[in-house]
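The structure under discussion appears below in the form of structure tokens.
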Amino acid sequence: MNFNLRQLEAQETPFYYYDTQLLRTTLAALDAARAGEEHIHVHYAVKANARPELLRIILAAGLGADCVSGGEVRAALEAGFPAESIVFAGVGKADWELRLALEAGIGMFNVESLPELQRISELAVEMGKMARIALRINPNVDAHTHEKITTGLNENKFGLAMEDMLEAVREAERLEGVSYEGLHFHIGSSILDLGVFARLCERINELQDVLEKEGIVTRNINVGGGLGTHYEDPDVHPIPDFIGYMDTFRKYLNLRPGQHLHVEPGRSVVAQCGMLVSRVLYEKQGHEKKFLILDAGFTDLIRPALYNAHHLIQNLSSADQTATERYDVVGPICESSDVFQTQAPLPPSKRGDLIAFRTAGAYGEVMASQYNLRRLPGAVFDEQQN
Ligand SMILES: *Cc1c(COP(=O)(O)O)cnc(C)c1O
């Protein structure tokens, strides 16, 4: 990631800094991995970061959008994503959200339950529309990631169990206003072990055999997102292994002639191009440890408090990066969970130093809140953009 320290020092903290050049390089790598294969479609998961400046760059790289709310569908349309390139997932789509998506004529509704299928059918009939739908199936493949971000196991609020797939497809074929177009899978997030995706492919092959025996044609296979990003060493792995990811599907997924493959990476597209920048307010010497109290808290970056997530913390102001100190790095919010990291190795740090949380382009700014009536963090872009 590139940045100009003088530019960052001139800003009010805390703020998110985005290296749009790195985003472009990442998108170019994704495009190279897709290798011009027209049946492969990449939909960017808008929930990872919905900054319009970033959405426009992602759109220009030829990606579609993957949305999980009416607000995201609207944001994608406003950014210029063609309606047909938008897929809409989520377990609890409200009527207004379904109507908005039906009116726009989005590419696909990823349906997560039979009552939802029924409701989409009713609304589509009422509006004189036809909804293209994919059924989200839980393939019972363990993604081995954090329990709060694992979604592919059988009993889950997300999706339909495998045993219910056939009945759900038949129901979709029977109902008016909806057309069965495909299967959707999303087994979790932050997956770096490509073997997990290989096991998903094998499961999809089996499920496809089941449907084919019944004479059911499936035009689209959507394998969700979930490709992880390296939080520990962002400068060693600035670009995800998109080639390994795509090649896993090429190798293990038995696509039928004419079938389209959809992938929905979110995090891996934007994580490394963003960082949260804050200032040290106070260095507090306790009896047993030292605290660095920052002007950023979990209202600016909630992943450490919510998922015990780790972000590499750096002191950008320090000329010597040798980590000779250990600090508990904490925020100003009146909650004891407002701790970014305990005993973080850092160079000696003082009031006014800029402290960066790396790999924060995904699920960072979008999750910011105004709890304690705090201001939302700002956004700063690399100079090429301005
Ligand atoms: C969140 C989500 C994604 C993106 O997950 P990442 O881990 O950010 O890649 C993709 N598809 C669906 C349905 C999602 O809910």
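Indexing begins at 1, ligand by ligand and atom by atom, following the structure's order. What you are looking at is a predicted structure, and each value in this text was computed from that prediction instead of being measured.
When only interatomic distances are considered, the shortest N/O to N/O separation between His184 and ligand 1 does not fall below 3.5 Å. Considering both main-chain and side-chain atoms, Lys47 comes within under 3.5 Å of ligand 1 through a nitrogen or oxygen pair.
Between the side chains of Asp328 and Gln343, a donor-acceptor pair is found at a separation under 3.5 Å. Using modelled atom types and a 3.5 Å distance limit, the side chains of Tyr18 and Asn49 yield a donor-acceptor pair. Looking only at atom types and distance, the side chain of Gln7 has no donor-acceptor partner in the side chain of Tyr17 under 3.5 Å away. A donor-acceptor contact under 3.5 angstrom links the side chains of Glu232 and His310, judged on distance only.
In this structure, the protein non-hydrogen atom closest to atom 9 (O) of ligand 1 is Gly266 N, 2.9 Å.
Using a 4.0 Å cut-off to heavy atoms of Glu264, the atoms of ligand 1 that qualify are 3 (C), 4 (C), 9 (O), 10 (C), 11 (N), 12 (C), 13 (C). Residue contact check: Arg267 has heavy atoms under 4.0 Å from atoms 6 (P), 7 (O), 8 (O), 9 (O) of ligand 1. Taking a cut-off of under 4.0 Å to the non-hydrogen atoms of Ser189, the atoms of ligand 1 that pass are 5 (O), 6 (P), 7 (O). Residue-ligand proximity, Ala45 to ligand 1, at heavy-atom distances under 4.0 Å covers atoms 3 (C), 4 (C). Listed by atom number, the atoms of ligand 1 under 4.0 Å from Tyr363 heavy atoms are 1 (C), 4 (C), 5 (O), 6 (P), 8 (O).
Residue contact check for ligand 1: Pro265 places a non-hydrogen atom closer than 4.0 Å to it. For Gly226, the closest heavy-atom approach to ligand 1 falls below 4.0 Å.
Closest heavy-atom contact between Val270 and Ala48: CG2-CB, 4.0 Å.
Contacts between Asn110 and ligand 1 below 4.0 angstrom, taking non-hydrogen atoms only, are absent altogether. Within the 4.0 Å heavy-atom criterion, the part of His186 lying near ligand 1 is the side chain and not the backbone.
With sequence neighbours excluded, no residue satisfies salt bridge (Lys or Arg N to Asp or Glu O under 4.0 Å) with Glu202.
The cationic atom of Lys93 (NZ for Lys, CZ for Arg) does not lie both less than 6.0 Å from the six-membered ring centre of Phe109 and within 45° of the ring axis.
Arg203 contributes a side-chain N or O that, together with a main-chain N or O of Pro139, makes up a donor-acceptor pair within less than 3.5 Å.
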